Amino acid sequence: MARHLITSALPYINGIKHLGNMVGSMLPADVYARYLRRRGHDVLYICATDEHGTPAELAAKEQGIPVAEFCAQAHDAQKAVYDGFGLAFDYFGRSSSPQNVEITQHFARRLNENGFIEERAIRQVYSPADGRFLPDRYVEGTCPHCGYDKARGDQCENCTRVLDPTDLINPRSAISGSTDLEVRETKHLFLLQSKLESEVREWVARHDKDWPQLASSIAHKWLTEGLHDRAITRDLDWGVPVPADTWPELAAEGKVFYVWFDAPIEYIGATKEWSDQNPESRDWKSWWYDVDTDVRYTEFMAKDNVPFHTVMFPATELGVREPWKKVDYVKAFNWLTYYGGKFSTSQKRGVFTDQALEILPADYWRYFLIANAPESDDASFTWEHFTATVNKDLADTLGNFVNRVLSFSKKRFGEQVPAGGEPGEAETKLGAEIARLLAEYEEHLEALQFRKAAAALRALWSAGNSYLEEKAPWLEIKTDKDGAALTLRTAMNLIHLYAVVSEPLIPSASAAMRAAFALADDTAPWVSEDEARALASVPAGTPFTVPPVLFAKLTDDDLETYKERFGGGDTAA
């Protein structure tokens, strides 16, 4: 059985992320990791804050604190939100860690030894008003490709095209706003991607049949345009230092590596951070070094990050000429929009993850986002859609089923699961349907088809409601008390099954459902096909309690409150 290495896009350190970031990487990765763990796989889910680069420096400057202090505080703030969302990372690290510095510098030395790094004199934007060279993100202007007037000097947020600062129209300093910019000569290190293009092309081609179309098409688009040599150092105070033993002149000038060079390496660095916490039982290299046949590596990210992980970082790994693990499967997502407009951290448009948790518990958001994950196309968040989904799927289909079964049984049969008669035709039919739907749910999770998985889970919940409506124990009890007891016992077994298999999506509600039954040894991680057919894991006589309401129904007043706070319709477009 293969071990599963899972990573999600590193959230940038500057600010709490919005719901689009959550559904585009970390949440589906968590759902997949939880599912694999429950199926008995050895799983390592690694993520970290991406802490280097100009936005961190600018944010720290704005707050008047050292950038290291800013990043430490921001890391803790982000981690608290992810804990609130129930993200079960095996380790959540920091790209500024000593481990990442060590491994990044190792990669750079090896690339240099192999002839894939070159020192070049380039002409770079200099701001007399700021008295310094401006790294790419310190230069803002209009994108020459799409006309977006807030494009940065490394990439246009609007059209995702990679840029150089000198490409921008009407450039200005992001520090002072000065448009009095000059171009002067300075030296930087370049990764010679052009020399690695054929190897990258061959490597990408090997994954064409495996990767989703979105990931594959983006990788091929970059390759069609050709791989260009890229500067991998910047003039910053904060970053992985260029090693003085290899480039003494650049190190003396204070050059650091470009954030997009060291950030992907942090997946390895964070694994070493995890390993270093308990080195006697953890071996970071066993997940990353010379393990192609032993470890299956799956990455989760939104489409704007895909080029860096399907082309740029593989080029780095290939150029190192060491057997570092490369990604096997890239699960790429389109964007979640807010009423058709982009979520934007910089413009504070949309719902941010800390705000979401202030409004409702994590399971509401986890289920909605997975059920509407932007897999085949962009998806739109609206409060109307969110409210309708919560009420129909969570409150009515699942929550109401759990409450009415347990409440009615307690009222008519006491606080133990009733016995009743032997299962009949309706129960046999139900068991077969549950087994079929469970297999469908598993198939979609295995294939990383999250919307389809959520639909299959919803169908499992609906099957319980259909059975309950068909048997109508509130009427059945008037003429056949044993029959009503059998119906309720079967429905309680459905609740327990739902508790087990819903855990990847709604872990808190699943725990509450499972805790309703006082089973002596309730440790089963999953439900087999035979168990789904039998629906007998909660035997008669088992004590139970009625849990608090799993999911509260949202009202029209709630909807209006949310829209007033966050905007809706035209106000967000």
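The shown structure was predicted, so the numbers you read here are calculated from the model rather than taken from an experiment.
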Do [X] and [Y] have side-chain N/O donor and acceptor atoms under 3.5 Å apart?
X: Tyr35; Y: Glu503; answer: no
X: Tyr467; Y: Glu469; answer: no
X: Trp383; Y: Tyr338; answer: yes
X: Glu273; Y: Ser97; answer: yes
X: Thr7; Y: Tyr45; answer: no
X: Trp526; Y: Glu442; answer: yes
X: Arg458; Y: Tyr367; answer: yes
X: Asp262; Y: Asn100; answer: yes
X: Tyr339; Y: Glu384; answer: yes
X: Ser216; Y: Asp208; answer: yes
X: Tyr329; Y: Asp210; answer: no
X: Tyr289; Y: Glu322; answer: no
X: His496; Y: Asp522; answer: yes
X: Asn21; Y: His18; answer: yes

To the nearest 0.5 angstrom, please state how far the [atom1] atom of [X] sits from the [atom2] atom of [Y].
X: Ser275; Y: Lys285; atom1: OG; atom2: NZ; result: 11.0 Å
X: Leu360; Y: Asp558; atom1: CG; atom2: CG; result: 7.5 Å
X: Ile370; Y: Phe450; atom1: CD1; atom2: CZ; result: 6.0 Å
X: Met312; Y: Asn305; atom1: CE; atom2: CG; result: 11.5 Å
X: Asn465; Y: Leu460; atom1: CG; atom2: CG; result: 12.0 Å

Spell out, as yes or no, whether a donor-acceptor pair under 3.5 Å connects the side chain of [X] to the backbone of [Y].
X: Arg366; Y: Leu505; result: yes
X: Ser95; Y: Ala263; result: no
X: Lys79; Y: Phe92; result: no
X: Tyr498; Y: Gly464; result: yes
X: Asn372; Y: Phe368; result: yes

Where does the angle between the aromatic ring planes of [X] and [Y] fall among parallel (under 30°), tilted (30 to 60°) and perpendicular (over 60°)?
X: Phe551; Y: Tyr364; answer: perpendicular
X: Phe386; Y: Trp365; answer: parallel
X: His41; Y: His4; answer: perpendicular

Can a salt bridge be assigned to the pair [X] and [Y] using a cut-off of 4.0 Å between side-chain N and carboxylate O?
X: Lys17; Y: Asp354; value: no
X: Glu446; Y: Arg296; value: no
X: Arg94; Y: Glu51; value: yes
X: Arg282; Y: Asp276; value: no

Does the side chain of [Y] come within less than 4.5 Å of [X]'s, by heavy atoms?
X: Thr160; Y: Lys303; result: no
X: Val162; Y: Asp154; result: no
X: Met26; Y: Phe300; result: no
X: Asp328; Y: Glu299; result: no

Can you confirm whether or not the ring centre of [X] sits under 6.0 Å from the ring centre of [Y]?
X: Tyr267; Y: Trp288; result: no
X: Phe308; Y: Phe313; result: no
X: Trp260; Y: His309; result: yes
X: Phe333; Y: Trp335; result: no
X: Phe107; Y: Trp324; result: yes

Return the minimal non-hydrogen interatomic distance between [X] and [Y], and the atom names on each side.
X: Ala270; Y: Tyr91; result: O-CD2, 3.4 Å
X: Val306; Y: Ala215; result: CG1-O, 3.8 Å
X: Pro504; Y: Val31; result: O-CG2, 3.3 Å
X: Leu111; Y: Val320; result: CD2-N, 3.6 Å
X: Phe85; Y: Ala356; result: CZ-CB, 4.3 Å
X: Glu375; Y: Asn334; result: O-ND2, 3.0 Å

Looking at [X], I want to see if its [atom1] is surrounded by more than 12 non-hydrogen atoms of other residues, nucleotides or ligands under 6.0 Å.
X: Gln213; atom1: CD; result: no
X: Glu425; atom1: CD; result: no
X: Lys452; atom1: NZ; result: no
X: Lys429; atom1: NZ; result: no

Take Ile6 and Tyr32 through the side chain to side chain contact (heavy atoms under 4.5 Å, CB included) test and state the conclusion after the steps.
-> CA-CA 9 Å; Ile6 297 172; Tyr32 187 55; 3.6 Å; yes

